[in-house]
Structure formats: structure tokens, C-alpha cells
Amino acid sequence: YGVAVAYQHSCPAWTLFIEKGNPKSDGAKEVVTRDVNTLTEGRDLKTIVLACTHYPYFHDLLAEVLPADVRVVDQGDMVADWLKRNDSPQPAKGGRTLQFFTTDDPVEVSRRAADLFGPPVTFQKADL
């Protein structure tokens, strides 16, 4: 078997661009490109895991700035695949209830979510 090496690179500015509603801006492209260059410099990466729920918004941009042979995987896909393989929980009788929580201001997050996704989504405050 080969040896797998994992590197971690925090990208908090990515989240800010998404939450402010401008993930396709020139500034976002500059920051993502800089972070990708920092992560890939001197490394022969095969896969990048997007470990934040926000980061899939950058799939198209990552495809532009990463070498063509680097695979991009986001944690949402990994969770969905796991649920498929492990008989995902069935909804209770009467249907499924979706609840959305945030540690941020729920009114503001609900507004931004509607801007990004279209249909209204109502977030509740998560007290951690």
C-alpha cells in the first residue's frame, strides 16, 4: 500500500465571501487562488477535501485554478454517500421535518440563504 499524507489549510476568508453574497467576485477569485497556491506549492496533491459546508460554492473556481488531475471532494458528498451505503434514516410517519440552525444572527442568515438558494429558508439560533 502507498502512504497517504494529509495537509490542512484553513481558509476563513472563503466563508466571508460566500456569506456576504459575492463568491464569484474578483476578490474571491484572488483569495481562493492565493490559498490554493499556498496549499499546492511543492506538493503533488491528488485530492482536496472541502471540509466546510460553504466551500462547494467554489467548485467552479477551484476547477479553474487547480491542476486538472486534482480531484475536489466536498464533505456534503461524503456524508450523502455514507448515508446511501448505511441505509439513511427514514423520516418519521407523517413526513420529514427540516430545521436549519446557525450560531450567527438567524434573521440575517435566513436572508443570505434566500439570496443564495432562492426559496426562503428560516434559520433558528443554535445555542452551543
Side-chain angles (χ1 to χ4, degrees):
Y1 296 106
V3 174
V5 178
Y7 302 99
Q8 180 178 346
H9 184 77
S10 179
C11 305
W14 294 20
T15 302
L16 293 175
F17 279 106
I18 293 162
E19 289 183 350
K20 297 297 180 191
N22 51 7
K24 296 182 185 237
S25 69
D26 290 339
K29 184 172 183 172
E30 182 180 321
V31 168
V32 170
T33 301
R34 180 199 65 215
D35 286 338
V36 165
N37 288 339
T38 298
L39 181 62
T40 60
E41 187 175 348
R43 297 180 177 130
D44 182 27
L45 298 180
K46 303 295 181 207
T47 303
I48 290 182
V49 177
L50 303 177
C52 175
T53 58
H54 291 65
Y55 296 169
Y57 282 99
F58 291 119
H59 266 284
D60 293 344
L61 179 54
L62 288 166
E64 288 178 33
V65 299
L66 282 168
D69 62 336
V70 175
R71 181 174 162 228
V72 177
V73 177
D74 72 70
Q75 51 83 28
D77 290 338
M78 292 168 33
V79 170
D81 289 345
W82 183 88
L83 288 170
K84 285 179 197 172
R85 286 191 314 273
N86 292 284
D87 296 324
S88 64
Q90 298 299 312
K93 273 191 171 181
R96 185 178 305 211
T97 300
L98 294 177
Q99 294 179 295
F100 299 92
F101 294 90
T102 181
T103 55
D104 202 350
D105 173 19
V107 173
E108 180 62 20
V109 172
S110 296
R111 184 193 62 75
R112 289 190 309 241
D115 290 345
L116 291 169
F117 300 117
V121 176
T122 302
F123 281 80
Q124 300 171 48
K125 183 72 174 172
D127 294 314
L128 304 179

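These values consider heavy atoms only, across backbone and side chains, with no hydrogens, waters or symmetry-generated copies.
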When rounded to the nearest 0.5 angstrom, what distance separates [atom1] in [X] from [atom2] in [Y]?
X    : Y    : atom1 : atom2 : result
T40  : H9   : OG1   : NE2   : 9.5 Å
T102 : K125 : OG1   : NZ    : 6.5 Å
D35  : E30  : CG    : CD    : 10.5 Å
Y57  : L50  : OH    : CG    : 13.5 Å
L39  : R34  : CG    : CZ    : 12.5 Å
T38  : R43  : OG1   : CZ    : 9.0 Å

Notebook entry, point to check: When clusters are formed by joining ILVMFWY residues with side-chain heavy atoms under 4.5 Å apart, either directly or through shared neighbours, do F123 and F101 land in the same one?
Noted result: no

Next item on the list: Tell me whether L62 is reachable from L16 by hopping between hydrophobic residues (I, L, V, M, F, W, Y) whose side-chain heavy atoms are closer than 4.5 Å.
Entry: no

Check: Is there a side-chain contact between C52 and W14 (heavy atoms, below 4.5 Å)?
Finding: no

Notebook entry, point to check: Given side chains that start at C-beta, do those of V72 and F58 come closer than 4.5 Å, heavy atoms only?
Noted result: no

Notebook entry, point to check: Counting only heavy atoms not in E108, do more than 12 sit closer than 6.0 Å to its CD atom?
Noted result: yes

Item checked: Minimum heavy-atom distance between P23 and A28, given as atom pair plus value -> O-CB, 3.5 Å

Item checked: Minimum-distance pair of heavy atoms, taken over all atoms of L45 and V70 -> O-CG2, 3.4 Å

Item checked: Residues that D69 engages under salt bridge (charged side-chain N to carboxylate O under 4.0 Å, His left out), provided they are two or more places apart -> none

Next item on the list: Scan L66, D74, V73 and name whichever one has a side-chain contact (heavy atoms from CB on, under 4.5 Å) with I48.
Entry: L66

